[in-house]
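Both backbone and side-chain heavy atoms feed into the values below; hydrogens, waters and symmetry mates do not. All figures in this text were calculated on a predicted structure; none of them were measured in a lab. Here is how names work: the chains are called A, B, and so on, in the same order as the sequence lines, proteins then strands, and each is numbered from 1.
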Amino acid sequence: MLDPLLLRKDIQSVALQLKRRGFELDTKLFNELESKRKTLQSETEALQAQRNQSAKAIGQAKAQGEDVQPLLDAVANLSDELKFKQSGLNELQNQLNTYMLTLPNLPDESVPGGKTEDENIEISRWGDPTSFDFEPKDHVDLGADLGMVDFEVAAKISSSRFVVLHKDIARLQRALGQYMLDLHTTEHDYDEVYVPYLVNAESLYGTGQLPKFEEDQFATRTEPGLYLIPTAEVPVTNIVRDEILGDSVLPLKRTALTPCFRREAGSYGRDTRGMIRQHQFEKVELVQVVRPDESWDALEALTGHAEQVLQNLNLPYRKVCLCTGDLGFSSTKTYDLEVWLPGQSSYREISSCSNFLDFQARRLKTRWKNPKTGKNEFLHTLNGSGLALGRCLVAVMENYQMANGDIAIPDALQAYMRGQTIIKRDA
RNA sequence: GGAGAGAUGGCCGAGUUGGCUGAAGGCGCUCCCCUGCUAAGGGAGUAUAGGGUUUAUAGCUCUAUCGAGGGUUCGAAUCCCUCUCUCUCCGCCA
């Protein structure tokens with residue numbers, strides 16, 4: 001959520017910044033609601049003050065045994081009037097609040113302008129696209145040939161955009177997850193957490209998936225409704241919802257391996273082949289909750305932690321800075337890491353690392369007691385994938401494939417595969 | 001799933017014949033004083049959010065908040081209703 005004070009004070013500048021990411025702020029609507037709110041709130045509170053005063057007077061008069069009837073008559077219709085104003089005010093505030101919740105974060109000045117992902121800026125490349133002395137296959141064919149990746153049976157037991165993995169490929173995915181968690185907890189100083197995979201609506205409001213992206217979520221039908229998490233970001237970040245943190249626990253760095261569930265409602269024609277875009281996938285998530293003046297450094301560091309995984313697996317990738325039009329709803333700046341996929345001859349997103357500044361913290365009411373000011377202030381939150389396991393599995397299969405269709409196991413993972421070095425067809 | 005108990009400020013804990021109770025008391029914390037160390041003692045302060053005023057801060061002022069939401073009433077931490085969560089016992093289960 002944006003700072004309401006900022007909207008009241010300098011709505012034009014907010015509108016200008018939002019326009020950069022293609023969002024039209026209805027300044028007229030906001031100003032109208034806001035000025036109505038102002039007068040209505042003042043009137044309501046004046047009436048409340050009046051009510052409080054007379055109630056007090058009645059109490060005192062009664063204590064002294066005086067006749068209170070005249071006083072009662074004087075406030076006879078006050079309560080009705082108050083009720084009327086109050087319900088009007090409540091409605092208006094709900095309206096205003098709902099509107100505020102639909103406003104995306106302001107893009108940082110350093111974020112390049114642009115409309116689509118084509119205008120994202122490449123920051124750096126690591127490694128060269130893997131070269132083969134044969135025609136490389138994509139992971140779908142590789143998986144089918146190995147007999148370990150089955151989309152048809154997944155469609156039977158669930159629907160499209162699911163997969164069943166067998167034997168060494170299933171195990172390789174598990175190895176990837178274990179490896180990443182161990183790397184982040186031992187080398188990058190994250191604390192591992194295990195979290196619920198079903199969350200309530202409040203949590204989704206907190207991190208920004210609701211109210212705008214309801215159609216992207218899987219929801220249960222029970223009452224109250226719970227949602228399948230679209231990313232571990234939701235439960236991990238919401239741990240600090242409604243909390244005031246002490247300075248000594250900061251920065252908070254947490255990592256979790258969870259499945260992620262996405263309806264992919266708006267992407268019907270896209271990535272229908274293979275494991276790139278699934279309704280269910282595993283992901284190791286990195287979350288940081290930091291002091292406000294540390295978040296920019298933290299973004300660079302966190303992105304580096306995700307990059308380290310790719311480097312250790314020797315997977316070629318590039319780092320891009322998302323342009324304003326491609327930026328996620330809650331983010332002020334995002335780096336994507338795109339891994340090289342020989343099967344598609346292209347770089348594909350495998351990690352997305354974002355700084356949210358206080359946008360989420362304001363929704364979450366996550367604050368700290370700033371020792372310098374002695375006041376409660378909003379913290380900054382960040383997160384990034386470190387990494388998406390499904391896509392990482394794809395990347396390993398395609399980059400490590402051999403001419404005969406076997407797949408070499410990256411050195412870093414062999415310890416997690418009991419020393420196995422190759423995945424063979426008849427495993 | 002059944003039966004019962006409970007939810008008050010950073011923590012503990014008063015307060016249910018409704019009326020200066022935003023809320024006693026204690027602990028903790030901050031500042032000051034005293035004490036040559038340690039221990040102890042004395043004093044003061046110590047919730048959050050929002051509105052108005054202000055260039056802004058401070059200040060001043062108003063409002064809200066005793067799990068959440070509604071109701072009764074001139075007036076609710078106290079009475080009524082609904083919900084959520086926690087605890088105990090039983091059942092069931094991994």
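Residues A:Q41 and A:N52 each lie close to RNA chain B; by heavy-atom proximity, the contact nearer the 5' end of the strand is made by A:Q41. Nearest-nucleotide positions on RNA chain B for A:K369 and A:Q86 put A:K369 closer to the 5' end.
In this structure, A:K375 reaches the sugar-phosphate backbone alone: every heavy-atom distance under 4.0 Å involves primed, P, OP1 or OP2 atoms, never a base. Among the protein residues, A:K83 comes within range of the sugar-phosphate backbone only, with heavy atoms under 4.0 Å from sugar or phosphate atoms but none that close to a base. As judged by a 4.0 angstrom heavy-atom cut-off over every strand, A:K62 is placed among the base-contacting residues.
Going from the C1' atom of B:G69 to that of B:C27 covers 34 Å, rounded to whole Å. One P atom belongs to B:C66, the other to B:U78, and the distance between them is 8 Å to the nearest Å. If you take atom C1' in B:G22 and the same atom in B:U63, they sit 13 Å apart, rounded to whole Å. With C1' as the reference atom, B:G9 and B:A64 are 16 Å apart, rounded to whole Å. If you take atom C1' in B:C80 and the same atom in B:U72, they sit 7 Å apart, rounded to whole Å. One C1' atom belongs to B:A76, the other to B:U21, and the distance between them is 12 Å to the nearest Å.
Residues A:F218 and A:Y197 keep their aromatic ring centres 6.0 Å or farther apart.
A:R174 is linked by a salt bridge (Lys or Arg N to Asp or Glu O under 4.0 Å) to nothing, counting only residues two or more places apart in sequence or in another chain.
Spacing between atom CD of A:E243 and atom C1' of B:C11 amounts to 15 Å, rounded to whole angstrom units.
Look at A:E119 and A:R20 and you find no salt bridge, because none of the NZ, NE, NH1 or NH2 atoms lies under 4.0 Å from a carboxylate O.
Remark: A:I422 CD1 to A:D168 CG distance equals 11.5 Å, nearest 0.5 Å.
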